[in-house]
Trainee: 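Attaching a single structure in structure tokens format; questions to follow.
No hydrogens, no waters, no symmetry mates; every other heavy atom, side chains included, goes into these values. What you are looking at is a predicted structure, and each value in this text was computed from that prediction instead of being measured.
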Amino acid sequence: MASPVRVRFAPSPTGYLHVGGARTALYNYLFAKKHGGHFILRIEDTDQERSTEESLHMQIGDLQWLGLNWDEGVDPQTLKSKGDYGPYRQSERLDIYKKYCDQLLDEGRAYFDFRTDEELEAIKKAGDKFVRIPRPDSIPTAEDGRKRIAAGERAAVRFKVDGGKDHVIEDLVRGEVRLPEDMVGDFVILRSSGMPVYNFCCAIDDALMKITHVFRAEEHLSNTLRQKMIYEALGFETPRFGHLSLILGKDKQKLSKRHGATSCHQYKELGYLPEALNNFIALLGWSSPKGDEYLTPEALLEQFSIDRLNPSGAVFDDEKFKWLNATHLRALPHQELWKRLKPWLDRENIVLPEDEAWVDRALEIFKTKMETLADGVELFRPIDMKFFKIEEDAKEVLDWEDSNKVFTAWREQVQGMTTDYMTGDEFAEAQNKVKDAAGVKGKHLFMPIRVAIIGKAHGADLKMLVPLITKESLLERLDKVEAR
RNA sequence: GUCCCUAUCGUCUAGAGGCCUAGGACACAUCCCUUUCACGGAUGAGACACGGGUUCGACUCCCGUUGGGGACGCCA
């Protein structure tokens, strides 16, 4: 009987969640859900210099925004550990690491290294690839080491790598991977400050938390060797590993800050939808068995399987992401789309009618022009009278000799309105009357009208646009255009 | 430099030895729809890095070359 699936996402709280991290979290989440397993959030905050409580909040917020909810780990509200294998913050597990470190020390699998930074630097400069103890007999016994520490000396603890042996892992995405022990030196497991190091904590936690599968980025392949040695030295069973391809920037280098937006938070601020981000990053290294590109969260969960994970790196293409976001946006029910757009409009103090029918009509015409929620702001802005202004591209239209005739005839039609809003059909009729009265047709007819409505020469279909604006507002706009 | 990973259109990818005249998506071009701009529809251009094997037969398997990436921290 196979043990229940337990996977984890283990970010270090240093800034917002990176899209690469988000994809790792997504795959782990999907894998857990797919197998009725547990998805665990563990916080790797052993780097006290860089880890902050603020970052932890940011990371948790991003994960929640993406809807990647975890079954065990740090509680999103209280930040306290929740689950049977806690605590889930490495900074709260120090005594556990200490215990295992002592065990390795006592068994001679690890040793104290009293060399100073300067000495190590010199060894490196001298060209020694790895920082090994040059003379094995100079390694202090665990007992001596502890005495010297007690006497006030400082030492890091290093794991002793025998070397020579090849480790083979059956990687879930790459197949058989051979890792020679000689590719790593005696690595530090406990800093001289007493704080344990990532590779050590990670191995112990994965073992103690009964993690069965580890999906993480390819950059961890060499760490896998270190962790495997720790597992073996401590008698733990190793989980299965799956190393994901890296997400690259346009220049094919690992995606980083200099490539522009790289964090989930930035994309959220740019007006992207979480379901679109999940969809897009899922496709960077995985493909739908049905060949689908647009995948709802439900479809993603239904179709996901690790056998379609791709081992080669993938470039993050903003263009395609934008298209996918637009697709998700347009698929949203109007009520839902409005709910998401509202905060953007509120932030800009754009005030619009709120009744469902109006919103429905407005979204119907504007959503085809919206790729992100942010686009909605500029689309809706001119509908709020206080933001009405004549755009640059409209100036030329105003100079056409027929435009004034059109304005006059248009004013007459608007003044004749007996209701607050014109319907599309009423507008078509009114437009015909303007055509006859002004003796103008084609773009010389409708462009001036559009300018008199939104201040722009191009935009949504007038038949759709006019019914969004009240008679009073239409007249006011006309006043401004004529008074320009 | 050493080790590890990787290699199909510009980009994301499908392809598990004959189904491939290599399929789809984004982007691009043209056309249609449209009295604007979009949406939508149609069509088109566009790739198996190279060299050796293995095989009756390689995009698919093996080896090498080259390219790309990653790791070589008391970061994670």
Trainee: Does OP1 or OP2 of A76(B) have a side-chain N or O of R42(A) closer than 4.0 Å?
Mentor: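 Checking A76(B) against R42(A), no side-chain N or O comes under 4.0 Å of OP1 or OP2.
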
Trainee: With P11(A), which of D62(A), I43(A), D45(A) fulfils side chain to side chain contact (heavy atoms under 4.5 Å, CB included)?
Mentor: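 Filter result, single survivor: I43(A).
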
Trainee: If we take the P atom in both G24(B) and A45(B), what is their distance in whole Å?
Mentor: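 It comes out at 12 Å once rounded to the nearest Å.
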
Trainee: On the side chain of N223(A), is there an atom forming a donor-acceptor pair with the base of A76(B) - under 3.5 Å, no angle test?
Mentor: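 Between A76(B) and N223(A), which were checked side chain against base, a qualifying N/O pair under 3.5 Å is present.
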
Trainee: For the C1' atoms, the ones on G41(B) and on U54(B), what distance do you get once it is rounded to whole angstrom?
Mentor: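 Comparing C1' positions in G41(B) and U54(B) gives a spacing of 48 Å.
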
Trainee: Under 4.0 Å, heavy atoms only, any strand: does A314(A) hit a base, just the sugar-phosphate, or nothing?
Mentor: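 The residue A314(A) makes sugar-phosphate contact but no base contact.
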
Trainee: For residues 148-188 of chain A, which residue pairs qualify under ring pair (Phe, Tyr, Trp, His ring centres under 6.0 Å), counting only residues two or more places apart or in two chains?
Mentor: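 Found F159(A)-F187(A).
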
Trainee: With both distances kept under 3.5 Å, what pairs with U55(B), Watson-Crick or G-U wobble?
Mentor: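 When the pairing criteria are applied, nothing turns out to pair with U55(B), so the answer is none.
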
Trainee: Tell me every residue that passes side-chain hydrogen bond (donor to acceptor under 3.5 Å, both in side chains) with E319(A), counting only those two or more places apart in sequence or in another chain.
Mentor: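 So E319(A) forms no side-chain hydrogen bond (donor to acceptor under 3.5 Å, both in side chains) with any residue.
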
Trainee: Let's see if you can work this out: which of U36(B), U11(B), A14(B) has an atom nearest to the side-chain heavy atoms of D461(A)?
Mentor: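 The listed nucleotide nearest to D461(A)'s side chain is U36(B).
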
Trainee: Checking contacts here: which listed nucleotide (A14(B), C3(B), C72(B)) is nearest the side-chain heavy atoms of P180(A)?
Mentor: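 Looking only at side-chain atoms, P180(A) lies closest to C3(B).
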
Trainee: Quick one: is R330(A) getting a side-chain N or O under 4.0 Å of the C39(B) phosphate, OP1 or OP2?
Mentor: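 It does not, given that no N or O in the side chain of R330(A) lies less than 4.0 Å from OP1 or OP2 of C39(B).
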
Trainee: Within the 4.0 Å heavy-atom criterion, would you say S245(A) contacts the bases, only the backbone, or no part of the nucleic acid?
Mentor: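 Counting heavy atoms under 4.0 Å across all strands, no contact is made by S245(A).
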
Trainee: Quick one: label R178(A) by what it contacts on the DNA or RNA (base, sugar-phosphate, nothing), any heavy atom closer than 4.0 Å.
Mentor: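 Here R178(A) touches the backbone only, sparing every base.
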
Trainee: Quick check on C72(B): is either OP1 or OP2 less than 4.0 Å from any side-chain nitrogen or oxygen of R226(A)?
Mentor: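 So the side-chain polar atoms of R226(A) never come under 4.0 Å of the phosphate oxygens OP1 or OP2 of C72(B).
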
Trainee: Take atom C1' in C4(B) and the same atom in C61(B), then report the distance between them in whole Å.
Mentor: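 Approximately 22 Å lies between the C1' atom of C4(B) and that of C61(B).
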
Trainee: In whole angstrom, what separates I281(A)'s CD1 from U11(B)'s C1'?
Mentor: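 Distance check: I281(A) CD1 to U11(B) C1' gives 17 Å.
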
Trainee: Whom does A71(B) pair with, Watson-Crick or G-U wobble, provided both distances fall under 3.5 Å?
Mentor: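 Pairing partner: U2(B).
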
Trainee: Of R226(A), E44(A), Q90(A), H220(A), which is the lone residue that meets side-chain hydrogen bond (donor to acceptor under 3.5 Å, both in side chains) with Y198(A)?
Mentor: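 In the set R226(A), E44(A), Q90(A), H220(A), the residue that makes a side-chain hydrogen bond (donor to acceptor under 3.5 Å, both in side chains) with Y198(A) is H220(A).
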
Trainee: Measuring only the P atom in each nucleotide, how far is A25(B) from G40(B)? A whole number of Å is fine.
Mentor: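 My reading of the P atoms in A25(B) and G40(B) gives 12 Å.
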
Trainee: Name all residues meeting the side chain to side chain contact (heavy atoms under 4.5 Å, CB included) criterion together with R340(A); count only those two or more places apart in sequence or in a different chain, and write none if there are none.
Mentor: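 R340(A) satisfies side chain to side chain contact (heavy atoms under 4.5 Å, CB included) with L273(A), P274(A), E275(A), L332(A), E336(A), L373(A) once adjacent residues are dropped.
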
Trainee: Below 30° counts as parallel, above 60° as perpendicular, anything between as tilted: where do the rings of F427(A) and W410(A) land?
Mentor: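 The rings of F427(A) and W410(A) stand perpendicular, inter-plane angle above 60°.
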
Trainee: Which whole number of Å gives the distance between the P atom of C3(B) and that of C59(B)?
Mentor: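 Between the two P atoms, the distance is 31 Å.
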
Trainee: Taking atom C1' in both G51(B) and C32(B), compute the distance separating them and give it to the nearest angstrom.
Mentor: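 Straight-line distance between the two C1' atoms is 48 Å.
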
Trainee: Could you tell me whether A10(A) contacts a base, only the sugar-phosphate backbone, or nothing, with contacts defined as non-hydrogen atoms closer than 4.0 Å?
Mentor: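 Nothing, no nucleic acid heavy atom in range.
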
Trainee: Distance check needed: G24(B) P versus L295(A) CG, whole Å only.
Mentor: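 These atoms are roughly 18 Å apart.
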
Trainee: Using a cut-off of strictly less than 4.0 Å between a heavy atom of the residue and any atom of RNA chain B, enumerate the qualifying residues of residues 433-444 of chain A by number.
Mentor: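 Of all residues in residues 433-444 of chain A, the ones placing a heavy atom under 4.0 Å from RNA chain B are G442(A).
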
Trainee: Would you mind pulling out the nucleotide paired to C50(B), Watson-Crick or G-U wobble, both distances under 3.5 Å?
Mentor: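 The answer is G64(B), by the H-bond criterion.
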
Trainee: When rounded to the nearest Å, what value does the distance between P atoms of U2(B) and U65(B) take?
Mentor: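 It comes out at 12 Å once rounded to the nearest Å.
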
Trainee: How many whole angstroms separate atom CE of M464(A) from atom P of U36(B)?
Mentor: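 About 15 Å, once rounded to whole Å.
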
Trainee: For C39(B), does the glycosidic angle fall within 90° of 0 (syn) or outside that (anti)?
Mentor: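 Syn conformation here, the glycosidic angle of C39(B) being no more than 90° from 0.
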
Trainee: Can you tell me which nucleotide in C12(B), A14(B), U35(B) comes closest to the side chain of Q431(A)?
Mentor: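 So the side chain of Q431(A) is nearest to U35(B).
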
Trainee: Which nucleotide, if any, forms a Watson-Crick or G-U wobble pair with C33(B), using both distances under 3.5 Å?
Mentor: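 Because no pair has both required distances under 3.5 Å, C33(B) counts as unpaired.
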
Trainee: What residues form a ring pair (Phe, Tyr, Trp, His ring centres under 6.0 Å) with F446(A), not counting sequence neighbours?
Mentor: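 Result, ring pair (Phe, Tyr, Trp, His ring centres under 6.0 Å) vs F446(A): none returned.
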
Trainee: Among G24(B), A7(B), C4(B), find the nucleotide with the atom closest to the side chain of S312(A).
Mentor: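 The answer is A7(B), which lies nearest to the side chain.
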
Trainee: Of the candidate nucleotides C4(B), U35(B), A14(B), which contains the atom at the shortest distance from the side chain of V177(A)?
Mentor: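 Nucleotide nearest to V177(A)'s side chain: C4(B).
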
Trainee: Using the P atoms only, state how far G15(B) lies from C74(B), rounded to an integer number of Å.
Mentor: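 Here C74(B) and G15(B) have their P atoms 42 Å from each other.
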
Trainee: Where the side chain of E293(A) is concerned, which of C4(B), G24(B), U36(B) is the nearest nucleotide?
Mentor: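 When the side chain of E293(A) is considered, G24(B) is the closest of C4(B), G24(B), U36(B).
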
Trainee: Can you tell me how far P of A76(B) sits from CZ of R216(A), to the nearest Å?
Mentor: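 Atom CZ in R216(A) sits about 13 Å away from atom P in A76(B).
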
Trainee: Which one of Y231(A), F200(A), F236(A) satisfies the ring pair (Phe, Tyr, Trp, His ring centres under 6.0 Å) criterion with Y100(A)?
Mentor: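 Testing each of Y231(A), F200(A), F236(A) against Y100(A), the sole residue satisfying ring pair (Phe, Tyr, Trp, His ring centres under 6.0 Å) is F236(A).
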
Trainee: Checking contacts here: which listed nucleotide (A7(B), U36(B), A76(B)) is nearest the side-chain heavy atoms of P311(A)?
Mentor: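 Closest of the options to the side chain of P311(A): A7(B).
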
Trainee: Heavy atoms under 4.0 Å is the rule here; annotate nucleotides 60-70 of chain B 5' to 3' with B where the base is hit, S where only the sugar-phosphate is, and - elsewhere.
Mentor: ---------BS

Trainee: Got more than 12 heavy atoms from elsewhere within 6.0 Å of NZ, K98(A)?
Mentor: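 No, the 6.0 Å shell around NZ holds no more than 12 heavy atoms from other groups.
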
Trainee: Give S287(A) one of three labels, base, sugar-phosphate or nothing, depending on what nucleic acid heavy atoms sit under 4.0 Å from its own.
Mentor: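 Sugar-phosphate, backbone atoms only, no base.
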
Trainee: Check whether any side-chain nitrogen or oxygen of N310(A) sits under 4.0 Å from OP1 or OP2 of A14(B), and answer yes or no.
Mentor: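 So the side-chain polar atoms of N310(A) do come within 4.0 Å of the phosphate oxygens OP1 or OP2 of A14(B), strictly under.
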
Trainee: Any donor-acceptor pair, under 3.5 Å, between the side chain of K320(A) and the base of A27(B), if you only look at N and O atoms?
Mentor: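 No, the side chain and the base share no sub-3.5 Å donor-acceptor pair.
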
Trainee: If you check every side-chain atom of F446(A), which of C74(B), U35(B), U13(B) has the closest atom?
Mentor: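 Of the options given, the side chain of F446(A) lies nearest U35(B).
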
Trainee: Pick base, sugar-phosphate or nothing for R308(A), based on heavy-atom distances below 4.0 Å to the nucleic acid.
Mentor: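 If one applies the 4.0 Å heavy-atom cut-off, R308(A) turns out to touch the sugar-phosphate alone, with no base involved.
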
Trainee: Locate the shortest heavy-atom distance separating F388(A) from I453(A); write the atom from each residue and the value.
Mentor: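 Taking every non-hydrogen atom into account, CE1-O, 3.5 Å.
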
Trainee: Does R42(A) make a cation-pi contact with Y88(A), if we ask for NZ or CZ under 6.0 Å from the ring centre and within 45° of the axis?
Mentor: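 No, R42(A) does not lie over the aromatic ring of Y88(A).
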
Trainee: Inspect the surroundings of CD in Q335(A) and state if more than 12 heavy atoms from other residues, nucleotides or ligands are less than 6.0 Å away.
Mentor: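 No, the 6.0 Å shell around CD holds no more than 12 heavy atoms from other groups.
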
Trainee: W286(A) and side chain to side chain contact (heavy atoms under 4.5 Å, CB included): which single residue from L244(A), L300(A), L30(A), V173(A) fits?
Mentor: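 That would be L300(A); it is the only one of L244(A), L300(A), L30(A), V173(A) passing the side chain to side chain contact (heavy atoms under 4.5 Å, CB included) with W286(A).
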
Trainee: Could you check whether atom CD of E391(A) has more than 12 heavy atoms from other residues, nucleotides or ligands sitting under 6.0 Å from it?
Mentor: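 It does: E391(A) CD has more than 12 such atoms within range.
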
Trainee: 5'-most contact on RNA chain B: E371(A) or L221(A), nearest heavy atom basis?
Mentor: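 By nearest-heavy-atom nucleotide position, the 5'-most residue is L221(A).
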
Trainee: Quick one: which of C75(B), U13(B), C39(B) gets closest to the side chain of T368(A)?
Mentor: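 The answer is C39(B).
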
Trainee: Output the rounded distance in Å from CG (L190(A)) to P (C75(B)).
Mentor: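 Going from L190(A) (CG) to C75(B) (P), I get 11 Å.
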
Trainee: Identify the nucleotide, in any strand shown, that forms a Watson-Crick or G-U wobble pair with A25(B), with both distances under 3.5 Å; if there is none, say none.
Mentor: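 Base partner found: U11(B).
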
